[in-house]
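First the structure, in the form of C-alpha cells, and then the observations on it.
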Amino acid sequence: MYKPILYHIAGGGIYACLLVIYILAMFYGLRARRNVKKEKITSLSRGFSPLDIQRIFIGKTYPRRLTRALIVHWAQLGYIRVKYVGRFKVKLVCRRIPPVHNDEKAVFFDRGTYVRERDIFCALFARSGAEITVNLNKPLITSALAKIVNESYAAREDEGVYSAKHYKLKVLTFVLSFTPIVICSVYHCITGAFTMIIPPFTILIGMFVLRFIKNAPFFFRLLWSSIWIGAGLALIIVSFHGMFDPLLLGYASTVILFLGSFVLVRFVDHREKNNLSDYSDLVNFRRFLLFSGKDKLSAVNYYEVLPYLYAFNIKPLVKRKFATDILPDWFISEDGKRGSLL
C-alpha cells in the first residue's frame, strides 16, 4: 500500500545508505593513493614474494591464486628446477628446502609471509629431489592444505597490516548495504503486509553462507545462496510492483545490496601508515613496469620480474617490452619449447 509520507521516508533512508557507502568507498579508497610517494621504483627487495604483494594490496595471501608466480619465484631463488611437460604442465624438482626464517641464509621481505610460504613449500616437497607435476591453470595447493598451513598459526595472517578499524568499516559497509532491504520490509509491515518480515532473514542466510561458509564447495554455496537470496529479493521487488513506486525502491535496494557488499566494500580499505609506505612502493613499481618503454626495461631481467608480473596480473601487457629469447638456467626443455609459464 502506498503511503506518501512513509514511502518517502523509506526512500530517503535507502538512498542515504547508498550515499554513505559511496562516501566511505571514495574517502578510504583514495586515502592510500593520496599517500603514494612520488618516487621511481625500478626493483623490489631480493626475497620479496608474490604473496607479499597480495598481503600489502588486500591484507591476506591467497597462494592458490598464484601458481605461476610462486613457481617462477621459487625457481629464481634456486629452490626448484622446472621441466617442460606440456603447454600447461610442468614438472617441479626440488633442489633445496628454503632455510628457516632465523637462518642467516634466509632471504625475505616479511617474516610472517616467508614462514607460511616455507610451510607450503615443505608440504609440497618432503625432501630435496622430490618431483611433482602441476597444471599451471590449477591451484598449486589444495584448499585443505592451505587451511592446514593457516591453522598452525595462532596470530591472524593479516595482523599488522590492517587495524581493527579496517574490519569495523567493512562490517559497517555491509550493514549499510543490507539496511535498504530491512527498510523495505519494515515499510511493508507498517502498511499491513506482515509476511514481508521474511525476506531480510532469507537474504541474510544466503549472504552468510556465500561469504563465510568456506568449507563447502564454491558452486554449491553459490547455487544454495542464490536460491535464498533470489527468493527474498524477488519478494521485495514484486511487493513494489503492485503499488505506486516512483523511486523504484525495490530495485534500488537490490542494487545497493550487491553494489555495496561485493564492489564498494573493497574500496573501504583502512591501512596503517607503515603499510602505506609498502603500498606506495608497489604502486610505483607496477607503474614503472606498465609505462616504461623497451629502452628503459632493456636492463631489467625479465625472469626476475616475472613473478611480480603474474602477481600484478599485467604479464600480457608488458611481456613484449622484455628480451625473452634466452631460457633461464632453471627451466629445462629438451625440444626448446617454453609453454605458457614463460
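Everything numeric here is computed off the predicted structure, so don't read it as measured data.
- Residues satisfying the side chain to side chain contact (heavy atoms under 4.5 Å, CB included) criterion with Ala130, sequence neighbours excluded, are Phe125, Arg127.
- Other residues sharing a hydrophobic cluster with Val175 under the 4.5 Å side-chain heavy-atom criterion for ILVMFWY residues are Val171.
- Applying the salt bridge (Lys or Arg N to Asp or Glu O under 4.0 Å) test to residues at least two apart or on different chains, the pairs with a partner in residues 86-101 are Lys91-Glu131.
- With sequence neighbours excluded, the residues forming a side-chain hydrogen bond (donor to acceptor under 3.5 Å, both in side chains) with Thr113 are Asp52, Arg55, Asp110, listed by chain and number.
- The side chain to side chain contact (heavy atoms under 4.5 Å, CB included) test applied to Leu66 returns Pro50, Leu51, Gln54, Ala69, Leu70, Ala311, not counting sequence neighbours.
- Other members of the cluster containing Ile198 are Ile197, Phe201, with ILVMFWY side chains joined at under 4.5 Å, either directly or via other members.
- For Ser49, the side-chain hydrogen bond (donor to acceptor under 3.5 Å, both in side chains) test picks out Glu117, with sequence neighbours left out.
- The list of salt bridge (Lys or Arg N to Asp or Glu O under 4.0 Å) pairs with a residue in residues 294-313, not counting sequence neighbours, is empty.
- When hydrophobic residues (I, L, V, M, F, W, Y) are linked wherever their side-chain heavy atoms come within less than 4.5 Å, the members clustered with Tyr251 are Ile237, Leu248.
- By the side chain to side chain contact (heavy atoms under 4.5 Å, CB included) test, Ser225 is found to be paired with Val209, Leu210, Ile229, residues two or more places apart in sequence or in another chain being considered.
- Qualifying side-chain hydrogen bond (donor to acceptor under 3.5 Å, both in side chains) partners for Tyr303, counting only residues two or more places apart in sequence or in other chains: Arg338.
- In this view, Ile332 and Arg81, Lys83 satisfy the side chain to side chain contact (heavy atoms under 4.5 Å, CB included) rule, not counting sequence neighbours.
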